[in-house]
Chemist: 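Following this message is one structure expressed as structure tokens.
Sequence lines set the chain letters: A, B, ... in the order given, protein chains first and strands last, and positions in each chain run from 1.
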Number of protein chains: 2
Amino acid sequence: MGRRSATGRIGIADVAKLAGVSLATVSRVMNGNFTVDAEIAARVRAAATELRYQPNPVGRSLALGKTDTIGIVVPDLSNPTFQAILRGLSMAAAQDGYRVLIADSSEVSSEEAILAGEARRRCDGLVLCAPRMSDAELAELAPSLQPLVLINRSTENTASPSLMVDYAKGIQDLADHLVGLGHTRLAFLSGPPRSASNKLRLAGLERFREANPGIDVHMLPGGSSFEVGHQAVDAVLSSGATGVLTFNDLVAMGLLSGLHEHGVNVPGDISVTGFDDISFARYTTPTLTTMTVPITELGEQAWQRMIETIRSARLPAPTATTAAPLAASAAVEDADDGARAPLPTIFHPKLTVRGSTGPAAVHPGPQ
Amino acid sequence: MGRRSATGRIGIADVAKLAGVSLATVSRVMNGNFTVDAEIAARVRAAATELRYQPNPVGRSLALGKTDTIGIVVPDLSNPTFQAILRGLSMAAAQDGYRVLIADSSEVSSEEAILAGEARRRCDGLVLCAPRMSDAELAELAPSLQPLVLINRSTENTASPSLMVDYAKGIQDLADHLVGLGHTRLAFLSGPPRSASNKLRLAGLERFREANPGIDVHMLPGGSSFEVGHQAVDAVLSSGATGVLTFNDLVAMGLLSGLHEHGVNVPGDISVTGFDDISFARYTTPTLTTMTVPITELGEQAWQRMIETIRSARLPAPTATTAAPLAASAAVEDADDGARAPLPTIFHPKLTVRGSTGPAAVHPGPQ
DNA sequence: AGGGATTGAGAAAACGCTTTCTCACTATCG
DNA sequence: CGATAGTGAGAAAGCGTTTTCTCAATCCCT
């Protein structure tokens with residue numbers, strides 16, 4: 001009496017009929033429940049293979065209350081950093097039999113909440129990667145996204161595992177590296193306005209300034225793409241800086257390319273540094289001095305935290321009364337289920353010196 | 001009597017109770033069915049927002065027989081080409097309210113069939129991107145994957161839309177370009193053994209050889225990564241070639257970097273070409289001459305074909321008798337449902353000349 | 001004012017699977 | 001040899017929706 005007379009697909013019922021057993025028995029056999037007589041089990045398996053039966057995951061998910069899928073929300077899938085995180089996550093999850101659903105918010109912070117919610121409902125957990133939303137929004141949203149792992153953000157109230165990279169220290173290391181090479185006039189090509197990791201870099205540079213009063217650090221507006229770096233050549237040159245820090249490797253590569261076109265020698269006239277150490281960084285000309293962030297490992301670690309959270313969320317028997325869904329606060333209930341210490345895991349990037357940095361020129365480069 | 005006394009989550013039943021209506025009515029309201037009295041509808045909506053009710057997608061999927069999700073299987077998520085396809089697909093699908101599930105086969109062709117099957121069952125359709133499996137396997141698998149879109153492969157029997165890039169012509173264009181610059185000794189750094197697109201390139205070069213008997217084309221084993229290009233420097237130099245074709249931009253970049261380290265001037269001593277025109281290609285030093293493939297558009301087009309296929313598969317009433325699931329051939333049934341012309345859509349890459357190619361040196365580069 | 005057409009909402013079946021509950025049957029022990 | 005524990009498999013409930021079916025109430029027209 002259904003809309004379509006059967007989906008056309010082979011179901012557990014077909015197998016049961018062919019094997020002459022009940023649905024329950026087929027299910028038992030398919031799930032390795034050994035309370036089934038060997039002879040019958042064999043008959044069921046034979047029927048299953050003959051019909052090429054494959055259990056319907058949606059039915060399974062509904063009955064089991066899990067989808068074996070996790071979601072990830074990224075601000076921009078064209079960014080190699082997020083691609084690497086996605087890859088690390090996906091490979092690690094696959095090892096444990098989970099799949100990954102992706103959602104790209106296109107850097108639109110208002111989309112994030114909706115995307116995250118939708119993705120979460122389809123999955124057993126969610127990874128929020130460098131969300132652009134405000135702290136307040138994030139804090140409000142986090143409880144309802146529960147098995148949640150954050151990358152490059154953290155929340156106070158909710159006990160969601162969080163993976164952070166110490167960008168502040170990283171950018172300081174780079175600045176120190178340049179100072180060590182004799183540079184006294186630096187410039188920083190900053191990142192996207194809503195990026196939390198950019199704020200960390202700015203904070204790091206602030207500390208650097210305090211520690212190095214003699215060094216001039218020129219701030220330049222920026223972004224996260226090649227184009228930003230490529231178009232910043234003039235601004236960089238007129239700043240008079242001999243050492244340039246950039247938001248990430250992409251920007252650095254754009255800048256490198258632009259400087260080359262202008263006939264500026266790197267590192268002879270100007271030193272350039274990136275951030276992240278994407279795979280391309282070792283193949284630029286000159287090769288790029290940058291901070292190495294174990295990006296793929298970040299994705300893998302995100303998965304580890306995720307699977308831990310999912311597993312610990314399954315065990316504890318729900319003591320909460322189920323009978324009173326009156327309060328509108330239902331979403332908060334399991335907020336401190338996996339009440340593990342919510343201390344963020346901090347990744348410390350490490351300085352990788354390559355060919356794009358060198359001793360400061362005696363006089364600044366060509367204006 | 002369920003395992004856990006309710007999932008804890010708010011369900012349609014809670015809303016119904018609060019609004020004092022039946023489950024059916026809530027469903028009607030949520031789905032914009034206007035046969036509901038305005039006053040009641042308002043009450044339902046109020047209850048829904050008060051409880052922060054969000055329909056469970058799994059339940060919905062089961063009832064509706066669709067998941068609003070498609071899957072994509074790629075050989076290697078770290079390859080920028082596949083990343084770009086994924087991005088194009090994902091963005092286009094998102095426009096139509098679909099999500100993307102990813103599966104990375106890690107270049108293991110035996111994994112592909114399983115991954116594809118699993119992914120397909122969870123989704124409404126599948127994109128198979130440059131599958132490494134054999135033609136026979138692909139042909140056998142295709143019917144069971146039905147709403148299926150192929151990228152860089154095609155099948156004879158099944159009417160699955162297929163998107164192909166004319167790599168054969170592309171590589172010829174590049175070779176012609178080098179010949180036009182006076183090069184007479186060429187080399188080709190080939191791609192992964194199981195790659196169909198590599199076979200097309202080889203076929204193209206074969207035709208090129210026939211048309212240009214005077215030109216020497218040296219074949220070198222390769223792969224698809226930086227490292228391959230980087231490590232091929234010696235082989236390239238000892239081949240005596242002055243013009244080098246590579247499998248893709250990654251290989252070309254590795255080679256560029258390696259040549260630079262060896263003090264070989266590009267394009268002065270040797271000209272190098274890539275393939276694909278990934279975004280990095282315009283920021284190498286020298287900038288890379290390559291064949292531009294509209295990669296992201298490939299992903300978008302894949303989505304267009306997919307949504308067409310899905311939609312056309314919904315309309316035709318299933319005339320087939322549902323009562324006899326005896327034959328094991330059930331998977332083949334809707335093989336020619338969307339019996340549109342299965343002509344592959346061919347993308348023609350276009351030559352983009354940049355700085356890595358130039359006139360042939362009078363005498364071959366340093367040995 | 002009475003009868004057929006129309007509207008609106010509830011009851012229940014269906015989607016495909018898992019699992020508890022239950023019971024028939026066999027093996028074991030006193 | 002009869003009572004009891006144990007084993008294996010079927011019936012049915014349940015997961016959270018949607019949708020058909022059904023029926024009561026309202027409406028309009030003659």
Side-chain angles (χ1 to χ4, degrees), chain A residues 1-17 19-44 47-48 51 53-68 121-122 124 314 318 322 325 330, chain B residues 1-17 19-44 47-48 51 53-68 121-122 124 314 318 322 325 330:
Chain A
M1 217 165 290
R3 303 152 265 318
R4 297 165 295 163
S5 43
T7 331
R9 277 196 59 73
I10 308 277
I12 207 171
D14 303 300
V15 179
K17 200 185 300 171
V21 298
S22 76
L23 308 236
T25 302
V26 176
S27 174
R28 282 191 271 257
V29 172
M30 298 305 291
N31 294 303
N33 185 326
F34 290 115
T35 72
V36 181
D37 184 87
E39 197 264 328
I40 294 192
R43 218 165 66 216
V44 169
L51 296 175
Y53 169 69
Q54 302 283 147
N56 176 328
V58 179
R60 254 185 136 244
S61 289
L62 188 57
L64 256 30
K66 61 176 202 150
T67 61
D68 290 346
R121 256 169 278 130
R122 287 193 147 66
D124 298 344
R314 285 218 194 302
T322 335
Chain B
M1 216 164 291
R3 303 151 265 318
R4 297 165 296 164
S5 44
T7 330
R9 277 197 59 73
I10 306 277
I12 208 172
D14 302 300
V15 179
K17 200 184 301 171
V21 298
S22 76
L23 307 236
T25 302
V26 176
S27 175
R28 282 191 271 257
V29 172
M30 297 305 291
N31 294 302
N33 185 327
F34 291 114
T35 72
V36 180
D37 184 85
E39 198 265 328
I40 293 192
R43 218 165 66 217
V44 169
L51 296 175
Y53 169 68
Q54 302 283 147
N56 176 327
V58 179
R60 252 183 137 245
S61 289
L62 187 57
L64 256 28
K66 62 175 201 149
T67 61
D68 290 345
R121 256 169 281 131
R122 287 192 147 66
D124 298 343
R314 286 216 194 301
T322 337

Chemist: Students often get this wrong, so: under 4.0 angstrom with heavy atoms, is A/F34 touching a base, only sugar-phosphate, or nothing?
Modeler: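 Here A/F34 touches no strand at all.
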Chemist: Between atom CG in B/D37 and atom P in D/dA24, what is the gap in whole Å?
Modeler: 20 Å
Chemist: Quickly work out the B/E39 CD to C/dA9 P distance and round it to whole Å.
Modeler: 9 Å
Chemist: Could you work out which one of D/dG16, D/dA9, C/dC17 sits closest to the side chain of B/N56?
Modeler: D/dG16
Chemist: Between C/dT19 atom C1' and A/I12 atom CD1, what is the distance in whole Å?
Modeler: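 Rounded to the whole Å, the gap is 11 Å.
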Chemist: What is the distance, to the nearest angstrom, from the CD1 atom on A/I10 to the P atom on C/dC15?
Modeler: 15 Å
Chemist: Does OP1 or OP2 of D/dG16 have a side-chain N or O of B/Y53 closer than 4.0 Å?
Modeler: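 Answer no for this pair, as no side-chain N or O of B/Y53 is under 4.0 Å from OP1 or OP2.
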Chemist: Just compare C/dG10, D/dT17, D/dG10 and give me whichever is closest to any side-chain atom of B/R60.
Modeler: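 The answer is D/dT17, which lies nearest to the side chain.
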Chemist: Is B/N31 close enough to D/dT18 that one of its side-chain N or O atoms is under 4.0 Å from OP1 or OP2 there?
Modeler: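 For B/N31, the contact criterion (side-chain N or O under 4.0 Å from OP1 or OP2 of D/dT18) is met.
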Chemist: Take B/G59 and B/A24, find for each the nucleotide of DNA chain D with the closest heavy atom, and name the residue whose nucleotide sits nearer the 5' end.
Modeler: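 So the residue in question is B/G59.
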Chemist: Has B/R28 got a side-chain N or O lying under 4.0 Å from the OP1 or OP2 atom of D/dT19?
Modeler: no
Chemist: Would you say A/S61's side chain and A/K66's backbone share a donor-acceptor pair under 3.5 angstrom?
Modeler: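 Answer holds: yes.
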Chemist: Side chain of B/A63, heavy atoms from C-beta onward: which of D/dC15, C/dA11, D/dG16 has the nearest atom to it?
Modeler: D/dG16
Chemist: Could you verify whether a donor N or O on one side chain and an acceptor N or O on the other, from A/R122 and B/N56, lie under 3.5 Å apart?
Modeler: no
Chemist: For a 4.5 angstrom cut-off between non-hydrogen side-chain atoms, does B/N31 reach B/R60?
Modeler: yes
Chemist: Specify the separation, in whole Å, of atom CG of A/L62 and atom C1' of D/dC15.
Modeler: 4 Å
Chemist: Taking atom P of D/dA13 as reference, at what distance in whole Å does atom CG of A/L64 sit?
Modeler: 20 Å
Chemist: Check the pair A/R121 / A/T67 against side chain to side chain contact (heavy atoms under 4.5 Å, CB included), numbers first and verdict last.
Modeler: CA-CA 10 Å; A/R121 256 169 278 130; A/T67 61; over 6 Å; no
Chemist: What pair of heavy atoms forms the shortest contact from A/P55 to A/M30, and how long is it?
Modeler: CD-CE, 4.3 Å
Chemist: Starting at CD1 of B/I40 and ending at P of C/dT7, how long is that distance when rounded to a whole Å?
Modeler: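 B/I40 atom CD1 is separated from C/dT7 atom P by 16 Å.
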Chemist: Given D/dT17, C/dG10, D/dG14, identify the nucleotide with an atom nearest to the side chain of B/T25.
Modeler: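 Looking only at heavy atoms from C-beta outward on B/T25, the closest nucleotide is C/dG10.
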Chemist: Pick base, sugar-phosphate or nothing for A/V58, based on heavy-atom distances below 4.0 Å to the nucleic acid.
Modeler: nothing
Chemist: Using whole Å, report how far NZ of B/K17 lies from C1' of C/dA9.
Modeler: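 These atoms are roughly 19 Å apart.
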Chemist: When you get a sec, tell me which of D/dT17, D/dG10, D/dG14 is the closest nucleotide to the side chain of B/L23?
Modeler: D/dT17
